[in-house]
Amino acid sequence: MPELPEVETIRRELAPELARRRIRAVRVHHDDLILGPASPAEFARAVRGRVIGEAARRAKVLLLPLHDPARAEAPAPSLIRVQLRMTGRFWLAASPPDPAEFRHPGIDLALDDGRTLYYDDVRRLGGFEVLRAETWAEIERDLGPEPLEAGFTGARLAGILAGRRAPIKNVLLDQRRVAGVGNIYASEALFRARIDPRRPAGSLGPTEVARLQRAIRGVLRAAIRGSGTTVSSYRAMNGRSGTFQNELRAYGREGEPCVRCRTPVERVVQAGRSTYFCPRCQPRSRSA
DNA sequence: CTTGTACCCTGACCGC
DNA sequence: TGCGGTCAGGGTACAA
């Protein structure tokens with residue numbers, strides 16, 4: 001899926017368009033896009049007629065609060081949790097997108113302003129789920145801190161990493177530890193912090209943890225500024241590409257010279273995913 | 001608790 | 001042109 005910056009990009013574009021819009025009709029093209037215990041019919045019933053509130057994001061999840069139109073000011077009793085996973089995309093318009101671009105219709109939410117929010121997902125790993133607000137609150141508690149919020153300090157990260165023997169890259173990918181970092185930005189943050197991704201998380205010294213905390217925030221902020229990274233399927237709203245792929249320093253650059261020292265970038269597999277790093281700038285031993 | 005593996009699904013790409 | 005293998009911004013279920 002898109003990682004934190006990509007989901008945040010989509011949220012920012014979607015929020016002003018969806019706020020106060022009523023959902024008039026729901027069409028589900030593939031039943032497996034409705035996640036969770038509700039059937040597609042139950043999903044449609046729970047969502048139809050509801051008014052969407054301010055779109056939010058937690059980790060890589062997009063949240064659409066649903067108000068009862070009769071008392072729209074009350075806290076939203078339920079919400080739609082959207083997981084884009086690897087290939088989820090949105091299109092918002094009065095008419096369907098070009099089928100040549102948007103080849104895999106998934107879920108359509110027709111709105112009361114005449115437009116429809118189209119969700120497309122090639123691999124159908126993502127989808128929508130309707131949840132009671134309390135149920136989401138329980139799930140949410142198991143997620144790690146938001147790296148761009150004030151609580152994500154060096155000390156907080158140090159506490160998360162302390163005593164962990166798993167490689168630092170794996171820990172960064174674990175949503176229970178830090179929420180929203182995925183495979184691209186884990187590699188990028190470790191490159192910026194000059195830390196070998198294979199190091200045991202608990203072996204990082206205080207200076208390294210401080211560098212990593214700043215690197216994570218820095219790379220996520222820069223990626224949001226660039227509307228995300230489009231390396232293959234990710235698109236922002238209505239098919240737009242991000243630009244941060246032009247600023248990647250490690251991810252996807254196997255064999256290319258390191259931007260700092262010209263040593264060829266290496267690729268290894270960790271937790272079943274590719275990790276890219278510079279063997280010279282990111283030494284195996286602890287650095288100051 | 002932790003870690004690793006299989007799996008969900010389709011499409012793009014590479015070597016033969 | 002076809003075929004098989006590998007890989008892809010993710011997460012979950014299950015086994016050890």
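In this text the structure is predicted, and so the values were computed from the model without any measurement. Below, chain A is the first sequence line, B the second, and so on; all start at residue 1.
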What donor-acceptor contacts under 3.5 angstrom involve side-chain atoms of residues 16-26 of chain A, with partners at least two apart or in another chain?
| unit_1 | atom_1 | unit_2 | atom_2 | d |
| --- | --- | --- | --- | --- |
| A:E17 | OE1 | A:R115 | NH1 | 3.2 |
| A:E17 | OE1 | A:R115 | NH2 | 2.9 |
| A:R21 | NE | A:D112 | OD1 | 2.7 |

Original post:
Residues two or more places apart in sequence or in another chain: which of them pass ring-ring contact (aromatic ring centres under 6.0 Å, His included) with A:F128?
Top reply: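 If we apply the ring-ring contact (aromatic ring centres under 6.0 Å, His included) test to A:F128, skipping adjacent residues, the hits are A:Y119.
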Original post:
C:dG10, C:dT12, C:dG11: which one has an atom nearest the side-chain heavy atoms of A:N183?
Top reply: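 Of C:dG10, C:dT12, C:dG11, C:dG10 is nearest to the side chain of A:N183.
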**OP:** Considering just the side-chain nitrogens and oxygens of A:R103, establish if one lies under 4.0 Å of OP1 or OP2 belonging to B:dT10.
**Re:** no
**OP:** Answer yes or no: does a side-chain N or O of A:K60 lie under 4.0 Å from OP1 or OP2 of C:dG9?
**Re:**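 False: A:K60 side-chain N/O out of range (4.0 Å or more) of C:dG9 OP1/OP2.
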For nucleotides 1-5 of chain B, list the nitrogen or oxygen atoms of the protein found under 3.5 Å from its nitrogen or oxygen atoms, one pair per line.
| unit_1 | atom_1 | unit_2 | atom_2 | d |
| --- | --- | --- | --- | --- |
| B:dT2 | OP1 | A:R164 | NH1 | 3.3 |
| B:dT2 | OP1 | A:R177 | NH2 | 2.9 |
| B:dT3 | OP1 | A:A166 | N | 3.3 |

Original post:
Is the backbone of A:E3 close enough, under 3.5 Å, to the side chain of A:E6 for a donor and an acceptor to pair up by distance?
Top reply: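 Indeed, once roles are kept as given, a pair shorter than 3.5 Å links the two residues.
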Side chains of residues 214-228 of chain A: which donor-acceptor partners sit under 3.5 Å, not counting sequence neighbours?
| unit_1 | atom_1 | unit_2 | atom_2 | d |
| --- | --- | --- | --- | --- |
| A:R217 | NH1 | A:E149 | O | 3.2 |
| A:R217 | NH1 | A:F152 | O | 2.8 |

Subject >> For DNA chain B, the dot-bracket pattern of Watson-Crick and G-U pairs whose distances stay under 3.5 Å, | for other-strand partners >> reply: .|||||||.|||||||
Original post:
Which of residues 229-249 of chain A sit near DNA chain B, with a heavy atom under 4.0 Å from it?
Top reply: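 Here the set is empty: none.
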Validation: residues 93-103 of chain A side-chain donor-acceptor distances under 3.5 Å, sequence neighbours left out:
| unit_1 | atom_1 | unit_2 | atom_2 | d |
| --- | --- | --- | --- | --- |
| A:D98 | OD1 | A:A100 | N | 2.9 |
| A:R103 | NH1 | A:A100 | O | 3.1 |

Original post:
Of all residues at least two apart in sequence or in a different chain, which pass the side chain to side chain contact (heavy atoms under 4.5 Å, CB included) check with A:S233?
Top reply: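 In terms of side chain to side chain contact (heavy atoms under 4.5 Å, CB included), with neighbours along the sequence ignored, A:S233 is linked to A:T87, A:R89.
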Under 3.5 Å between N/O atoms: give me all the protein pairs with nucleotides 7-9 of chain B, atom names plus distance.
| unit_1 | atom_1 | unit_2 | atom_2 | d |
| --- | --- | --- | --- | --- |
| B:dC9 | O3' | A:R124 | NH2 | 3.3 |
| B:dC9 | O2 | A:R123 | NE | 2.6 |
| B:dC9 | N3 | A:R123 | NH2 | 3.2 |

When the side chains of residues 161-170 of chain A are checked against the rest of the protein, which donor-acceptor pairs come out under 3.5 Å, sequence neighbours left out?
| unit_1 | atom_1 | unit_2 | atom_2 | d |
| --- | --- | --- | --- | --- |
| A:R164 | NE | A:I160 | O | 3.0 |
| A:K169 | NZ | A:N183 | OD1 | 2.8 |
| A:K169 | NZ | A:T275 | OG1 | 2.7 |

Identify all side-chain donor-acceptor contacts of residues 42-52 of chain A below 3.5 Å with residues at least two apart in sequence or on another chain.
| unit_1 | atom_1 | unit_2 | atom_2 | d |
| --- | --- | --- | --- | --- |
| A:E42 | OE1 | A:S39 | N | 2.8 |
| A:E42 | OE1 | A:S39 | OG | 3.4 |
| A:R50 | NH1 | A:S78 | OG | 3.3 |

**OP:** Keeping to residues at least two apart or across chains, list the side chain to side chain donor-acceptor pair (under 3.5 Å) pairs with something in residues 26-38 of chain A.
**Re:**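 As it turns out, the side chain to side chain donor-acceptor pair (under 3.5 Å) pairs with a partner in residues 26-38 of chain A, which skip direct neighbours, are A:H29-A:D108, A:D32-A:R124.
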Original post:
Which is true for A:Y251 with a 4.0 Å heavy-atom rule: it touches a base, it touches only sugar-phosphate, or it touches nothing?
Top reply: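 The residue A:Y251 makes sugar-phosphate contact but no base contact.
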